[in-house]
Structure formats: structure tokens, C-alpha cells
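Scope of the values below: all heavy atoms of this structure, side chains included, with no hydrogens, waters or symmetry mates.
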Amino acid sequence: MTQDATKATNITWHEGAVSRGERETLLGHKGVTIWLTGLSASGKSTIASALEQHLLHTKITAYRLDGDNVRFGLNKNLGFSPADRSENIRRISEVAKLFADAAVVAITSFISPYREDRDIARKLHEDAKLPFVEVYVDVPLEVAEQRDPKGLYKKARAGEIKEFTGIDAPYEAPSQAEIHLQADKLSVEESVQKIFSYLQEKGYLVAA
């Protein structure tokens, strides 16, 4: 699969009757994609779940897109080869953009190991004039291995899982993420507050 491959022909984009600004006014806030990236067992999903809950309890429409969950449906035909990983991120980038365009706070929780793929996701949003907030959930590899809630690192070390990020497949850390969470030093609550405060400071949680 290639990211620029287009098979659809004879298609036309149809504009709806509701503008993005109207959606934002009705919901009371802007749409934005919050892209959590980091090693397996870094705490991405836990932080994403807590952030979603916090936003909803403050009357902000939010929806969490989790890496494993998406592979049960939309991306169930993809494996973990470099090409499939890129296609996985391409698809979720498009889905997140749709949520953000609908004035929803889209919270994605994906390892997304390749910097190029995350940059493509960012550009997709920038081209659509939608905010994109990259959050690096950073823990040392040894900490992630100690946590290992699914036993995946143990299996990877034993050779039972191939192309596992951090073991025999690379993870390219963000160089300029909007938010850098040292998740081995911060509590989940502190991490959520750091993201929430950033969204407030940028004015994303109020309508235009």
C-alpha cells in the first residue's frame, strides 16, 4: 500500500449545509486532534481515557481513538509491517481529521513509530486548517518493559513477536512535540492537566 495511491474515480466532493464555524458555535468549542505517541506500555491509552473523561465532564465533546480498538474494525486487515503501520496511521489520520472538522476533540492513542507518518498526519490537519497537537508520552524502554501489562515485550524478547517497536523495530521520537510528558515521572492526573491546560491556553476549548 502507498499513501498516495488513489483508486476512486468519478467522485465529487459535496459541501454540507453546516459550516465548521457554525458547528463550533453550537458545540461551544473548536475541533482539534490530540495525537498521543509513544512506546507500548508508555501509558498512552490510560492518559487518553482519562483525558476523554475529563473533557466530557467539562462539557467538551471528545472521542478517543485507540490503537488496539481500531484494529478490531477499521484496520483489522492490517498487520505490523512498516507498510501496514504507515497505512494504519494514514487511515486514522483521516478519521481524526473528520472528527476535528466536526468540532470534536479527537484523542488518538497510537504508537505511530515513524516520524514521517506523524508529519503526514500533521500536514493533513494543517492543510484543512485544523489544530494538531502532538503529545509525546515518553518513558525509558526499561520502564515500558517493566510495566508490560500485555506481556508483549516478554514475547518480543523471546522471538514470539516480530517487528515489535523498541525491540526489533524502531521508534522515532518526536523532535518538536507540542507536549512532552515524562510519563514515568508524572501521574495520570498530572498528565491530563498538562494537556488540558495547553488546550485552554491555545483557546481550543472555546468557540471562535
Side-chain angles (χ1 to χ4, degrees), residues 20 23-24 26-75 88-89 91-113 117-119 121-122 124-126 128 130-140 143-144 147 149-150 165 171 173-174 176-208:
R20 183 184 298 167
R23 290 182 192 277
E24 292 175 352
L26 290 169
L27 288 176
H29 57 82
K30 297 180 176 64
V32 54
T33 289
I34 304 169
W35 192 282
L36 280 73
T37 175
L39 293 171
S40 179
S42 62
K44 299 182 303 300
S45 293
T46 302
I47 293 169
S49 295
L51 177 62
E52 179 186 37
Q53 184 180 45
H54 183 72
L55 288 168
L56 288 169
H57 279 265
T58 54
K59 309 302 181 184
I60 303 296
T61 306
Y63 192 80
R64 178 178 57 91
L65 298 162
D66 181 79
D68 277 3
N69 292 358
V70 168
R71 284 181 176 273
F72 277 96
L74 177 65
N75 292 346
N88 183 53
I89 297 308
R91 291 184 192 178
I92 205 62
S93 300
E94 294 282 0
V95 172
K97 188 190 79 168
L98 292 175
F99 273 95
D101 185 53
V104 174
V105 177
I107 307 165
T108 77
S109 174
F110 289 76
I111 294 172
S112 46
D117 293 339
R118 298 193 304 267
D119 288 346
R122 179 185 294 277
L124 187 70
H125 285 72
E126 289 177 348
L130 290 166
F132 183 90
V133 180
E134 188 175 39
V135 180
Y136 178 25
V137 184
D138 182 13
V139 298
V143 172
R147 293 176 175 178
K150 304 172 188 175
T165 302
Y171 177 76
Q176 293 182 315
E178 280 77 11
I179 302 173
H180 184 178
L181 300 177
Q182 292 182 291
D184 58 325
K185 299 177 181 177
L186 296 173
S187 68
V188 173
E189 292 75 16
E190 289 170 333
S191 296
V192 167
Q193 189 55 54
K194 190 169 181 178
I195 298 171
F196 187 75
S197 295
Y198 179 89
L199 297 176
Q200 286 182 312
E201 289 168 9
K202 290 295 182 180
Y204 296 148
L205 302 184
V206 293

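Summarising the geometry of D184 relative to P140, their closest heavy-atom pair is OD2-CD, 3.5 Å, with the distance given to 0.1 Å. Heavy-atom minimum distance, S40 versus A144: O-CB, 3.5 Å. Taking all atoms of both residues into account, the shortest heavy-atom contact from I111 to Y171 is O-CE1, 3.4 Å. Between H29 and V104, the closest heavy-atom pair is CE1-CA, 4.5 Å. Nearest heavy-atom pair, A62 versus I107, reported as atom, atom and distance to 0.1 Å: CB-CD1, 4.3 Å. Considering all non-hydrogen atoms of both residues, A50 and V188 come closest at CB-CG1, 3.7 Å.
Checking side-chain atoms of R91 against main-chain N and O of N75 turns up no donor-acceptor pair under 3.5 Å. Side chain of K30 to backbone of E24: no donor-acceptor contact under 3.5 angstrom is found. Proximity of a side-chain donor or acceptor of K44 to a complementary backbone N or O of L36 within less than 3.5 Å is not detected. Formation of a donor-acceptor pair under 3.5 Å by the E178 side chain with backbone atoms of E134 is found in this model. In this structure, the side chain of R23 does not engage the main chain of A103 through any donor-acceptor pair within 3.5 Å. Side-chain atoms of R64 never come within 3.5 Å of backbone atoms of S109 as a donor-acceptor pair (strictly under, hydrogens ignored).
Counting heavy atoms from C-beta outward, K202 and Y198 have side chains that approach closer than 4.5 Å. Counting only heavy atoms from C-beta outward, the side chains of I60 and Y204 never approach each other to under 4.5 Å. Under the 4.5 Å side-chain criterion, counting only non-hydrogen atoms from C-beta, H54 is not in contact with I195. Looking at L51 and V105, their side chains never come closer than 4.5 Å, going by heavy atoms from C-beta outward.
Here L199 contributes atom CG and E201 contributes atom CD; the two are 9.5 Å apart, rounded to the nearest 0.5 Å. Taken from NZ in K194 to CG in L181, the straight-line distance is 5.5 Å, to the nearest 0.5 Å. Note: I89 CD1 to F110 CZ = 6.0 Å, rounded to the nearest 0.5 Å. Rounded to the nearest 0.5 Å, atoms CD1 (I47) and CD (E190) are 10.5 Å apart. To the nearest 0.5 Å, atoms CD (E126) and CZ (R122) are separated by 6.0 Å. The line from CG of L186 to CD of Q193 is 12.0 Å long, rounded to the nearest 0.5 Å.
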| request: For side-chain contact (heavy atoms from CB on, under 4.5 Å), just list the numbers for L55 and F196, CA-CA rounded to whole Å, side-chain angles, deciding distance to a tenth of an Å, and then say yes or no. | output: CA-CA 8 Å; L55 288 168; F196 187 75; 3.8 Å; yes
| said: Using side-chain contact (heavy atoms from CB on, under 4.5 Å), reason through Q53 and V192 one step at a time and then give a plain yes or no. | reply: CA-CA 10 Å; Q53 184 180 45; V192 167; over 6 Å; no
| request: Verify side-chain contact (heavy atoms from CB on, under 4.5 Å) between T58 and L205, making sure each step is shown before the conclusion. | output: CA-CA 10 Å; T58 54; L205 302 184; over 6 Å; no
| said: Walk me through whether N88 and D117 qualify under side-chain contact (heavy atoms from CB on, under 4.5 Å). | reply: CA-CA 10 Å; N88 183 53; D117 293 339; over 6 Å; no
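Looking only at atom types and distance, the side chain of D66 has a donor-acceptor partner in the side chain of S45 under 3.5 Å away.
Of the candidates L65, V32, T33, L65 is the only one forming a side-chain contact (heavy atoms from CB on, under 4.5 Å) with F99.
Ring geometry for F132 against H125 counts as tilted: the plane angle lies between 30° and 60°, on a 0 to 90° scale.
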